[in-house]
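Structure, as structure tokens:
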Amino acid sequence: MTAPSAFVTRVLLVVSRIPPGRVATYGDVAALAGRPRAARAVGTIMRTAGRGGLPYHRVVAAGGRIGGYGGRPQVKAALLRAEGLVVRGTRIGSFAGCRWRPR
DNA sequence: ACCGTGACGGCGG
DNA sequence: GCCGCCGCCACGG
């Protein structure tokens, strides 16, 4: 069992803290994990780490766009709608309103 | 240790 | 408002 890097651990921790009905961008997660420019790396981590019972569907791309999710943005959109979010096509409605901002 | 890959971000056309 | 290019960073072979 290779121990996950500190960065990976932080990323997973941040994702686990995103409340239902709220979302955070890959860039947000990267910044909260201590690497403001590692948004792409966050995507890599989620892809490799796979699922761990974490709300990965609450992590969206910049501007509230729905991306990633193993090439299944529809499934992701459905999960977000189930939490009360408004999703139009590949985008989240009132993105600014549901964006998670930890203090 | 090097190189290619990718669930990204920002800017320009 | 959508499409494409380049830059960024960690992962895996």
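Below, chain A is the first sequence line, B the second, and so on; all start at residue 1. Any value given below was found using the heavy atoms of this structure, including those in side chains, with hydrogens, waters and symmetry copies removed.
- Distance CG (Leu54(A)) to C1' (dA7(B)): 14 Å, rounded to an integer number of Å.
- Note on Arg35(A): only backbone sugar-phosphate atoms sit closer than 4.0 angstrom, heavy atoms only; bases stay farther off.
- Counting to the nearest Å, the C1' atom of dC8(C) and the CD1 atom of Ile45(A) are 13 Å from each other.
- Put simply, the side chain of Tyr26(A) does not reach to within 4.5 Å of the side chain of Ile45(A), judged on heavy atoms.
- Comparing dC8(C), dG12(C), dA7(B) by their closest approach to the side chain of Arg40(A) singles out dC8(C).
- Going from atom OH of Tyr26(A) over to atom P of dC8(C) covers 21 Å, rounded to whole Å.
- Looking at the side chain of Ala38(A), the nearest of the listed nucleotides dC11(C), dC9(C), dC2(C) is dC9(C).
- Taking atom CZ of residue Arg65(A) and atom C1' of nucleotide dG9(B), one finds them 8 Å apart after rounding to whole Å.
- Atom CD1 in Ile18(A) sits roughly 13 Å away from atom C1' in dA7(B) (whole-Å rounding).
- Where Gly63(A) and Lys76(A) each meet DNA chain B at their nearest nucleotide, the meeting point lying more 5' is that of Lys76(A).
- Between the side chain of Arg65(A) and the backbone N or O of Ala62(A) there is at least one donor-acceptor pair closer than 3.5 Å.
- Phosphate proximity of dC11(C) to Arg47(A): absent, as no side-chain N or O sits under 4.0 Å from OP1 or OP2.
- Checking dA7(B), dC11(C), dC2(C) against the side-chain heavy atoms of Ser5(A) singles out dC11(C) as nearest.
- Nearest approach of Pro55(A) to Val15(A), heavy atoms of both residues: CG-O, 3.4 Å.
- Listed here is the closest heavy atom pair of Val59(A) and Lys76(A): O-NZ, 2.5 Å.
- One can place CE of Met46(A) at 15 Å from P of dG12(C), the figure rounded to the nearest angstrom.
- Rounded to whole Å, the distance from CZ on Arg88(A) to C1' on dC2(C) is 14 Å.
- One interatomic measurement links the two molecules: CZ of Phe7(A) to P of dC8(B), which rounds to 14 Å at whole-angstrom precision.
- When both pairing distances are held under 3.5 Å, dG12(C) makes a Watson-Crick or G-U pair with dC3(B).
- Here Val42(A) lies out of heavy-atom contact (under 4.0 Å) with every strand.
- Residue Thr44(A) places its side chain closer to dA10(C) than to any other of dA10(C), dA7(B), dG9(B).
- Side-chain contact between Val14(A) and Trp100(A) is present, with heavy atoms from C-beta onward closer than 4.5 Å.
- The phosphate of dC8(B) has neither OP1 nor OP2 within less than 4.0 Å of any side-chain N or O from Thr25(A).
- Here dC8(C) is the nucleotide among dG9(B), dG12(C), dC8(C) with the atom lying nearest to any side-chain atom of Arg37(A).
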